[in-house]
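Order of the sequence lines fixes the chain letters, A, B, ..., with proteins taken first and strands second; residue numbering starts at 1 for each chain.
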2 protein chains.
Amino acid sequence: MHSVSEENYIKTIYHLQEGSALVSTNEIATRMNTKASSVTDMLKKLADKNLAEYIPYRGARLTENGWTCAVQIIRKHRLWEVFLVQKLNFAWDEVHDVAEQLEHIQSRKLINELDKLLGYPKRDPHGDPIPDQHGNFEKTHKTLVSQLNKGDRGTLVGVMDSSSQFLKYLDKHQIQLGTSIQILDREEFDQSFSIQANDKTLQISEQIADNLYLKLQE
Amino acid sequence: MHSVSEENYIKTIYHLQEGSALVSTNEIATRMNTKASSVTDMLKKLADKNLAEYIPYRGARLTENGWTCAVQIIRKHRLWEVFLVQKLNFAWDEVHDVAEQLEHIQSRKLINELDKLLGYPKRDPHGDPIPDQHGNFEKTHKTLVSQLNKGDRGTLVGVMDSSSQFLKYLDKHQIQLGTSIQILDREEFDQSFSIQANDKTLQISEQIADNLYLKLQE
DNA sequence: TTTTATTTTTAGTCTTGTCTAAATATTATT
DNA sequence: AATAATATTTAGACAAGACTAAAAATAAAA
Ligand SMILES: [Mn+2]
Ligand SMILES: [Mn+2]
Ligand SMILES: [Mn+2]
Ligand SMILES: [Mn+2]
């Protein structure tokens with residue numbers, strides 16, 4: 001149907017797009033480690049195929065069509081991630097690159113049977129929701145640690161960054177999905193946090209706080 | 001490492017090559033539904049990468065390197081086929097096209113864990129042997145039905161053609177791997193056979209006899 | 001052993017997806 | 001409002017992989 005490249009662009013736009021706002025050429029280029037000129041070319045192509053709306057010099061947003069397509073790719077990506085962790089003993093920091101390849105395999109039956117094999121999971125190993133066959137998925141109530149205040153507490157329900165580097169950092173401190181976290185203090189100078197996790201106190205930089213999603217308690 | 005195209009060429013040459021004989025440009029082109037000129041281009045590229053030996057106007061054969069590579073692709077292809085049948089409820093005639101895509105996924109860990117999950121199977125759903133991590137696999141003693149004579153009997157251990165069309169034909173007559181088959185008669189006129197399978201007599205054309213592998217009894 | 005038929009290669013073109021460098025548009029700053 | 005800085009697009013090039021048509025080599029037939 002669509003090429004691997006087209007699919008990767010569609011997915012990227014989906015992830016960058018908030019609501020119905022336009023996503024800029026440069027944002028896409030940066031995220032995809034490609035050049036702005038390449039993005040421009042592709043945006044024209046996606047517009048031709050009615051997958052994105054493209055307004056020169058302003059940016060692009062997915063059409064209904066493109067959105068549906070993105071959700072299906074994301075469904076595949078996340079189901080494969082669950083498969084790798086649940087069935088093939090991958091760690092949560094090892095799955096991303098492989099899923100990046102597997103998400104482009106074309107077979108309706110394959111992905112629906114995989115879904116069944118895994119017991120129709122609702123979340124991937126990073127806490128992200130998995131769309132069902134029809135593209136429906138739960139939107140989660142979650143807040144970035146960086147936006148919390150002293151005293152707030154909750155449990156880790158997601159990570160913004162799924163890179164191996166970041167996830168290994170969390171592993172090192174035994175922080176995983178479900179871990180209970182409390183904000184002990186916030187340093188005004190560098191916006192760093194002091195948090196409590198696993199009965200231990202931990203200093204985390206703003207950058208780390210920016211990648212942890214909590215579900216607040218009460 | 002290698003592109004999907006390169007891998008498909010390597011696999012095709014592997015399948016066409018008998019011993020150390022050269023495979024002709026046209027044979028490859030026919031098998032791959034491509035043009036001879038495209039094959040020539042690719043053979044040069046494979047030779048440059050030391051994956052094949054290419055003698056202009058004569059043909060090509062895999063190098064040691066290319067052979068190793070081919071065996072790994074075939075390992076992946078067949079393991080994925082087993083996975084699809086064993087874990088995802090695919091029929092043996094549905095797996096080929098999907099495995100054709102999956103065989104190109106790059107991840108050592110993925111394929112070795114898949115192997116483990118499946119219990120280190122020795123054969124794929126079509127009776128073909130599955131190479132292990134090191135590329136070793138059993139060579140099977142099998143004979144085409146078309147080369148047998150009246151009275152010969154054996155069990156089906158493989159099929160030459162894995163197309164959905166052919167496999168569905170076998171399904172229709174309840175012929176599967178392990179089915180016991182006896183040659184009742186051979187018609188000299190059109191080389192067709194009369195065989196016994198599942199306590200029923202069946203007339204099969206030469207073309208069908210040419211795609212069934214038996215392991216002879218005693 | 002010529003001549004003919006077939007196979008293979010070469011030359012040139014096309015598409016997809018990428019890049020660099022230059023041109024243009026937009027945004028920010030004086 | 002003019003200028004500087006930044007973002008975006010265009011123009012032109014390139015690599016991979018495919019194709020067609022023509023040329024060259026090999027094999028088959030007369
Ligand atoms: Mn991808
Ligand atoms: Mn994920
Ligand atoms: Mn393939
Ligand atoms: Mn097979």
Side-chain angles (χ1 to χ4, degrees), chain A residues 1-14 16-18 21-62 66 69-70 73 97 100-101 103-106, chain B residues 1-14 16-18 21-62 66 69-70 73 97 100-101 103-106:
Chain A
M1 200 61 228
H2 307 121
S3 75
V4 169
S5 250
E6 286 168 341
E7 290 195 346
N8 284 333
Y9 276 97
I10 290 167
K11 209 179 53 156
T12 301
I13 298 171
Y14 177 92
L16 290 172
Q17 188 176 328
E18 323 221 314
L22 289 168
V23 180
S24 82
T25 303
N26 253 359
E27 280 177 285
I28 299 170
T30 303
R31 177 70 79 100
M32 297 187 74
N33 290 311
T34 182
K35 299 295 150 132
S37 54
S38 309
V39 175
T40 302
D41 287 347
M42 183 57 88
L43 291 181
K44 287 176 186 168
K45 203 186 307 177
L46 293 180
D48 283 347
K49 294 196 174 190
N50 192 31
L51 291 163
E53 182 186 357
Y54 167 54
I55 308 173
Y57 294 102
R58 291 272 103 100
R61 63 166 74 92
L62 294 179
C69 179
I73 300 166
D97 295 339
E100 205 60 42
Q101 299 177 61
E103 72 189 356
H104 303 291
I105 302 291
Q106 304 286 355
Chain B
M1 201 62 227
H2 308 121
S3 74
V4 168
S5 252
E6 287 168 340
E7 291 195 345
N8 283 334
Y9 275 98
I10 290 168
K11 209 179 52 156
T12 300
I13 299 171
Y14 177 92
L16 290 173
Q17 188 175 328
E18 322 220 315
L22 288 168
V23 181
S24 81
T25 302
N26 253 359
E27 279 177 284
I28 300 170
T30 303
R31 177 70 78 101
M32 298 187 73
N33 289 311
T34 182
K35 300 294 150 127
S37 54
S38 309
V39 175
T40 301
D41 287 348
M42 183 57 89
L43 291 182
K44 289 176 186 167
K45 204 186 308 177
L46 294 180
D48 282 348
K49 294 197 175 188
N50 191 32
L51 291 163
E53 183 186 356
Y54 168 54
I55 307 173
Y57 293 103
R58 290 274 103 98
R61 63 166 74 91
L62 294 179
C69 179
I73 300 166
D97 295 339
E100 204 61 40
Q101 299 177 62
E103 72 189 357
H104 303 292
I105 302 291
Q106 305 287 355

Open item on the list: Please compare A/Y57 and A/Y9 by the position of their nearest nucleotide in DNA chain C and report the one closer to 5'.
Closed with: A/Y9
Task: First encountered from the 5' end of DNA chain C, between A/V4 and A/R58 - done: A/V4
- [ ] Apply the test side-chain contact (heavy atoms from CB on, under 4.5 Å) to residues B/E103 and B/K11: give CA-CA distance (whole Å), side-chain angles for both, the deciding distance (0.1 Å), then the verdict.
- [x] CA-CA 11 Å; B/E103 72 189 357; B/K11 209 179 52 156; 3.0 Å; yes
Task: Inter-residue atom distance B/I10.CD1 - B/M42.CE, 0.5 Å rounding - done: 8.5 Å
- [ ] Find the distance between OG (B/S24) and OH (B/Y57) and round it off to the nearest 0.5 Å.
- [x] 14.5 Å
Task: Contacts of B/H2 that satisfy side chain to side chain donor-acceptor pair (under 3.5 Å) - sequence neighbours left out - done: none
Considering only distance and modelled atom types, tabulate donor-acceptor pairs under 3.5 Å from the side chains of residues 30-40 of chain B, sequence neighbours left out.
residue, atom, partner, partner atom, Å
B/T30, OG1, B/N26, O, 2.9
B/T40, OG1, B/A36, O, 3.2

TODO: Test B/Q106 against B/E7 for side-chain hydrogen bond (donor to acceptor under 3.5 Å, both in side chains), laying out the working first.
DONE: CA-CA 12 Å; B/Q106 305 287 355; B/E7 291 195 345; 3.1 Å; yes
TODO: Enumerate the residues from residues 39-51 of chain A whose closest heavy atom to DNA chain D is under 4.0 Å, giving them by residue number; use none for an empty result.
DONE: A/T40, A/K44
- [ ] State whether the side chain of A/E27 and the backbone N or O of A/L16 hold a donor-acceptor pair below 3.5 Å, judged by distance alone.
- [x] no
Task: Start and end of chain A contact along DNA chain C [non-hydrogen atoms, under 4.0 Å] - done: C/dT16 to C/dT27
Open item on the list: By the 4.0 Å heavy-atom rule, please label A/S37 as base, sugar-phosphate, or nothing.
Closed with: base
Task: Sugar-phosphate, base or nothing in reach of B/T25, heavy atoms under 4.0 Å - done: sugar-phosphate
What pairs of donor and acceptor atoms, side-chain ones from residues 43-54 of chain B against any protein atom, are under 3.5 angstrom apart with sequence neighbours left out?
residue, atom, partner, partner atom, Å
B/K49, NZ, B/E6, OE1, 3.3
B/K49, NZ, B/E6, OE2, 2.9
B/E53, OE1, B/R61, NH1, 2.9
B/E53, OE2, B/R61, NH1, 3.3

Open item on the list: Could you walk me through whether B/N8 and B/H104 satisfy the side-chain contact (heavy atoms from CB on, under 4.5 Å) test, starting with their C-alpha distance in whole Å, then the side-chain angles of each, then the deciding distance to 0.1 Å, before giving a yes or no?
Closed with: CA-CA 9 Å; B/N8 283 334; B/H104 303 292; 3.0 Å; yes
- [ ] Go through B/I105 and A/I105 one step at a time and tell me if the side-chain contact (heavy atoms from CB on, under 4.5 Å) criterion holds.
- [x] CA-CA 9 Å; B/I105 302 291; A/I105 302 291; 4.0 Å; yes
Task: Boundaries of the DNA chain D segment in contact with chain B, non-hydrogen, under 4.0 Å - done: D/dA16 to D/dA27
